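These numbers come from a predicted model, not from an experiment.
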Amino acid sequence: MKRTSYALLVSRSTKVAGAASIATVVLLYAIIEHGRTLRANQALRELPKTACAVLRIDAVELADSQSARALFDWLVPAERLSEIEARCGLAPLAALRDATVWVGGPEGEPFQSVGLLLRGRTADAETIAQCYRSLVEARGSAIDRIATPMGPLLRSRDGASALAQVDDYTVVTGSRETVAEVMAVRRGAAPSLVEAAAFRDIWSRVAVGAAVAGVFVAPPRWQSAFERIGTLGDQASVLTGVKSLGLTTRAKIPTALEVMIDVNDAETARRNAALMSAWSESPPETVEPYLVDLARSAQIEVDGRRITVTLDVSGLPKRL
């Protein structure tokens with residue numbers, strides 16, 4: 001009887017230990033994912049609500065993402081990175097934790113301003129600011145340090161750009177108005193992009209854990225122009241009724257870029273997807289060969305009013 005009781009006790013203890021181990025793993029995973037979510041959403045808290053398009057590159061995640069690295073090498077000229085390294089004495093991908101570029105503006109002019117938020121990893125804000133100074137001087141201008149209600153500001157004398165320190169490791173650059181808007185968000189004097197529900201919703205799907213993530217929410221007055229961009233020859237537009245676009249390299253396939261397109265309704269989604277499929281199977285002869293391969297790799301799925309396009313970006317050429 002005692003042996004049976006002991007065996008039951010050991011069995012129960014083993015089950016409890018196993019359950020505790022599983023619970024610990026689940027808890028650690030939840031903590032890691034929560035941290036990733038906070039980190040991804042940080043950009044929205046720092047950007048103005050007037051932004052309609054955001055692209056974020058996470059330099060930490062970039063090293064482990066084949067698709068993100070291929071996309072980065074296609075988007076960013078290697079010559080530009082070499083120039084920064086030569087003039088500033090720092091390698092951008094090693095020096096930065098992440099870089100976020102956004103486009104925004106008032107309702108009537110949603111693409112009026114372009115801004116860049118840089119967060120350092122091995123380089124602090126002062127080092128990044130000094131690099132900015134070196135690059136401005138290299139193009140034949142100079143930097144003035146001026147006092148403003150939002151704090152010290154570096155401004156190029158040619159009026160092309162300005163830079164302000166957000167915190168010890170973060171700077172924002174763009175036009176003086178763009179920089180001022182970001183600093184107003186930081187002081188709580190202007191609303192941040194995290195308050196835009198439509199933007200926040202799609203951002204949460206593409207940004208967490210992604211090396212490269214982007215979102216575009218189409219301003220209502222610009223949707224017709226956006227549709228014209230998606231017109232292929234004499235066919236209907238593949239971008240009819242688009243409300244938002246999202247892209248992410250956080251996909252199951254290591255070489256894949258996933259693009260999410262939300263439209264007005266399910267019928268429009270099915271029609272647009274059919275047009276996309278037809279074009280990807282037989283793209284025009286004028287299209288660059290590597291873009292033909294990219295189009296033919298497309299896997300297109302429709303779920304309600306969302307179209308998801310998965311593209312193999314491993315064949316994208318590097319920009320020299």
Undergrad: I need the T100 OG1 to L118 CG distance, nearest 0.5 Å.
TA: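 The distance works out to 8.5 Å.
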Undergrad: If every non-hydrogen atom of A129 is compared with every non-hydrogen atom of L163, which pair is closest and at what distance?
TA: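 Of all heavy-atom pairs spanning A129 and L163, the closest is CB-CD2, 3.9 Å.
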Undergrad: Is the backbone of W279 close enough, under 3.5 Å, to the side chain of S282 for a donor and an acceptor to pair up by distance?
TA: no
Undergrad: Please check if the side chain of R121 supplies one atom and the backbone of L93 the other of a donor-acceptor pair under 3.5 Å.
TA: yes
Undergrad: When you group the ILVMFWY residues by side-chain heavy-atom contacts below 4.5 Å and let the links chain together, are L116 and L71 in the same group?
TA: yes
Undergrad: Please tell me if the side chains of W102 and C52 come closer than 4.5 Å, counting only heavy atoms from C-beta onward.
TA: no
Undergrad: So, do V136 and S156 sit near enough that their side-chain heavy atoms are less than 4.5 Å apart?
TA: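 In contact.
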Undergrad: For residues I307 and M276, determine if any side-chain heavy atom of one lies less than 4.5 Å from a side-chain heavy atom of the other.
TA: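 Touching, per the 4.5 Å side-chain cut-off.
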Undergrad: With a 4.0 Å cut-off, would you call D73 and R319 a salt bridge?
TA: no
Undergrad: Under 3.5 Å, is there a donor-acceptor pair between the side chain of R157 and the main chain of A142?
TA: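 Not at all, since once roles are kept as given, no pair shorter than 3.5 Å links the two residues.
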Undergrad: Is the number of heavy atoms from other residues, nucleotides or ligands under 6.0 Å of E267 CD greater than 12?
TA: no
Undergrad: Would you say the side chain of P283 lies within less than 4.5 Å of the side chain of L291, judging by non-hydrogen atoms?
TA: no
Undergrad: Side chains of T240 and R271: closer than 4.5 Å at any heavy-atom pair?
TA: yes
Undergrad: How close do S161 and Y132 get, heavy atom to heavy atom, and via which atoms?
TA: OG-OH, 2.8 Å
Undergrad: Do the side chains of L247 and L257 get nearer than 4.5 Å, heavy atoms only?
TA: yes
Undergrad: As an exercise, state the distance from CZ of R133 to CZ of R87, rounded to the nearest 0.5 Å.
TA: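 The CZ atom of R87 is 15.5 Å from CZ of R133, to the nearest 0.5 Å.
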Undergrad: Counting only heavy atoms not in R145, do more than 12 fall under 6.0 Å of its CZ?
TA: no
Undergrad: Do you know the tightest heavy-atom contact between N272 and S237?
TA: OD1-O, 3.6 Å
Undergrad: Apply salt bridge (charged side-chain N to carboxylate O under 4.0 Å, His left out) to residues D58 and R97 and explain how you reach the verdict.
TA: CA-CA 6 Å; D58 187 319; R97 176 169 294 278; over 6 Å; no
Undergrad: Would a hydrophobic clustering, with Ile, Leu, Val, Met, Phe, Trp and Tyr connected at side-chain separations under 4.5 Å, put V185 with M183?
TA: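 No, V185 does not connect to M183 through the hydrophobic network.
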Undergrad: To the nearest 0.5 Å, what is the distance between OG on S314 and CD on Q66?
TA: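 Atom-to-atom, S314:OG and Q66:CD are 6.5 Å apart.
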Undergrad: Are E46 and Q42 close enough that a side-chain donor and a side-chain acceptor fall under 3.5 Å?
TA: yes
Undergrad: Which heavy atom in A164 sits nearest to a heavy atom in P152, and how many Å separate them?
TA: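 Between these two residues, the closest heavy atoms are CB-O, 4.2 Å.
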Undergrad: How far does CD of E227 sit from CG of L239, to the nearest 0.5 angstrom?
TA: 8.0 Å
Undergrad: So, S280 side chain and S277 main chain: donor-acceptor pair closer than 3.5 Å or not?
TA: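 Yes; judged by distance alone, with no hydrogens or angles, the pair exists.
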Undergrad: Do V54 and L47 pass the side chain to side chain contact (heavy atoms under 4.5 Å, CB included) test, and can you show the C-alpha distance, the side-chain angles, and the key distance before you say yes or no?
TA: CA-CA 9 Å; V54 175; L47 301 184; 3.8 Å; yes
Undergrad: For the hydrophobic clusters of this structure (ILVMFWY residues joined by side-chain heavy atoms under 4.5 Å, transitively), does one cluster hold both V101 and I128?
TA: yes
Undergrad: Take a 6.0 Å sphere around CD of E137 and say whether it holds more than 12 heavy atoms from other residues, nucleotides or ligands.
TA: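 Yes - once you tally the heavy atoms of other residues, nucleotides and ligands closer than 6.0 Å, there are more than 12.
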Undergrad: To the nearest 0.5 angstrom, please state how far the CG atom of D312 sits from the CG atom of D293.
TA: 9.5 Å
Undergrad: May I ask you to test the V309-L311 pair for a side-chain heavy-atom distance under 4.5 Å?
TA: yes
Undergrad: Using modelled atom types and a 3.5 Å cut-off, is there a donor and acceptor pairing between side-chain atoms of T249 and backbone atoms of A68?
TA: no
Undergrad: Go through the steps for V166 and L117 under the test side chain to side chain contact (heavy atoms under 4.5 Å, CB included), then give the verdict.
TA: CA-CA 9 Å; V166 177; L117 192 75; 4.1 Å; yes
Undergrad: Is there a donor-acceptor pair closer than 3.5 Å between any side-chain N or O of T173 and the backbone N or O of A162?
TA: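 Indeed, once roles are kept as given, a pair shorter than 3.5 Å links the two residues.
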Undergrad: Are the side chain of S297 and the backbone N or O of L294 linked by a donor-acceptor pair below 3.5 Å?
TA: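 Side chain of S297 to backbone of L294, a donor-acceptor pair under 3.5 Å: yes, one is there.
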Undergrad: To the nearest 0.5 Å, how far apart are CE in M260 and CG in D303?
TA: 11.0 Å
Undergrad: Test: disulfide bond (SG atoms under 2.5 Å apart). Region: residues 67-133. Which pairs qualify, not counting sequence neighbours?
TA: C88-C131
Undergrad: Please answer whether the main-chain N or O of E61 pairs with a side-chain N or O of S65 as donor and acceptor at a distance below 3.5 Å.
TA: no
Undergrad: Is it possible for you to say whether L96 and L135 belong to one hydrophobic cluster, with membership spreading through side-chain heavy-atom contacts below 4.5 Å?
TA: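 Different clusters.
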Undergrad: Side chain to side chain contact (heavy atoms under 4.5 Å, CB included) between R176 and R155: does it pass, once the steps are laid out?
TA: CA-CA 8 Å; R176 181 173 179 176; R155 185 180 62 182; 2.7 Å; yes
Undergrad: Passes side chain to side chain contact (heavy atoms under 4.5 Å, CB included), Q299 versus I253? Steps please.
TA: CA-CA 12 Å; Q299 299 177 27; I253 305 171; 4.2 Å; yes
Undergrad: May I ask you to decide whether D265 forms a salt bridge with R305, counting only side-chain N to carboxylate O separations under 4.0 Å?
TA: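 Salt bridge flag = no for R305 with D265.
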Undergrad: So, E288 side chain and Y290 main chain: donor-acceptor pair closer than 3.5 Å or not?
TA: no
Undergrad: Can you check whether A256's main-chain N or O pairs, donor with acceptor, with S67's side chain at less than 3.5 Å?
TA: yes
Undergrad: If you look at every heavy atom in S141 and D158, which pair is closest and at what distance?
TA: OG-N, 3.3 Å
Undergrad: Answer yes or no: is there an ion pair linking D64 with R69, defined by an N-O contact shorter than 4.0 Å?
TA: no
Undergrad: Strictly by modelled atom types, are T50 and E181 linked by a side-chain donor-acceptor pair under 3.5 Å?
TA: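 Yes, E181 and T50 have a side-chain donor paired with an acceptor closer than 3.5 Å.
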Undergrad: Is it the case that one hydrophobic cluster holds both V263 and I300, taking links as side-chain heavy atoms less than 4.5 Å apart, direct or via other members?
TA: yes
Undergrad: Is any side-chain heavy atom of L153 closer than 4.5 Å to one of V179?
TA: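 Side-chain contact under 4.5 Å: yes.
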Undergrad: For a quick test of reading the model, state the closest non-hydrogen atom pair linking Y169 to D124 and the distance between them.
TA: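 Y169 and D124 have their closest heavy atoms at CD2-CA, 3.6 Å.
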Undergrad: Side chains of T178 and S175: is there a donor and an acceptor less than 3.5 Å apart?
TA: yes
